[in-house]
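Read the structure below first, then the notes.
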Amino acid sequence: MQRSNWDRIYEVIARIPAGKVATYGQIAHLAGLPGHARQVGYALAATPDELDLPWQRVINAKGEVSPRSEPGYEGLQRAMLESEGIAFSPLGRIDLKRYQWSP
DNA sequence: TTTATGGCTGTCA
DNA sequence: ATGACAGCCATAA
């Protein structure tokens, strides 16, 4: 059974607790794909939101939500994170030191 | 099989 | 702190 790396990425993302966020690089590393952050982002981009994957908790290394191909999601993602208790900086950035998920 | 694309990361100035 | 450059790999056609 060849489980694509995507599945592993999904597993890691699914383990992110509410109120916490993780960067693509971190997820890639936890998934056993160090340096393949791009793959993580692409996996999420192609991931149907029906899998209940908290892709909203996945942010880039800058601590900001990744601008999706379609505008609007950015605000939605921010709203979801705020709903979980994550505070955003006035510039729309998240304090990774405080909200970055620590496995 | 090859080509093209993509929600990024890390380093340097 | 921000801006620019190159590199990595999987999916889809």
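Quick note on labels: first sequence line is chain A, next is B, and so on, each numbered from 1. These figures come from a predicted structure and were not determined experimentally.
When the P atom of dC8(C) is taken as reference, atom NE2 of His29(A) falls 19 Å away, rounded to whole Å. The separation between Gln39(A) atom CD and dA10(C) atom P is 6 Å, rounded to whole Å. Rounded to a whole Å, the CG atom of Asp7(A) is 13 Å from the P atom of dA10(C). Taking atom NE2 of His36(A) as the reference point, atom P of dA10(C) lies 7 Å away to the nearest angstrom.
Residues Thr23(A) and Ala61(A) approach most closely at CG2-CA, 4.2 Å, considering heavy atoms. Considering every non-hydrogen atom in both Gln26(A) and Trp101(A), the closest pair reads NE2-O, 2.7 Å. Counting all heavy atoms, side chain and backbone alike, Pro54(A) lies closest to Ile13(A) at CG-O, 3.3 Å. Heavy atoms only, all atoms of each residue included: Val65(A) and Asn60(A) are closest at O-ND2, 4.2 Å. The minimum heavy-atom distance between Tyr10(A) and Ala43(A), with the atom names listed, is OH-O, 3.7 Å.
Shown here is Arg68(A), whose CZ atom has more than 12 heavy atoms of other residues, nucleotides or ligands within 6.0 Å.
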Please lay out, stage by stage, how Arg15(A) and Glu11(A) fare under the test salt bridge (charged side-chain N to carboxylate O under 4.0 Å, His left out). CA-CA 6 Å; Arg15(A) 288 177 205 172; Glu11(A) 290 281 323; 3.7 Å; yes

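Nearer the 5' end of DNA chain C, as judged by each residue's closest nucleotide, is the contact made by Gly35(A), out of Gly35(A) and Tyr42(A).
Among the heavy atoms of the strands lying under 4.0 Å from Gln77(A) is at least one base atom, whether or not backbone atoms are also near. Across all strands, Val65(A) comes closer than 4.0 Å to no nucleic acid atom at all (heavy-atom distances). Residue contacts for Ala45(A): at a heavy-atom cut-off of 4.0 Å it reaches a base atom on one of the strands shown.
Using a 4.0 Å cutoff on non-hydrogen atoms, the parts of residues 84-103 of chain A near DNA chain C are Arg93(A), ordered by number.
Taking a heavy-atom distance under 4.0 Å as the criterion, the stretch of DNA chain B touched by chain A extends 5' to 3' from dG6(B) to dT9(B).
Checking dG7(C) for Watson-Crick or G-U wobble geometry (two distances, each under 3.5 Å) identifies dC8(B) as its partner.
Ring geometry, Trp55(A) versus Tyr73(A): the interplanar angle falls from 30° to 60°, so the pair is classed tilted.
Sorted by first and then second residue, the salt bridge (charged side-chain N to carboxylate O under 4.0 Å, His left out) pairs with a member in residues 52-64 of chain A read Arg57(A)-Glu84(A); sequence neighbours excluded.
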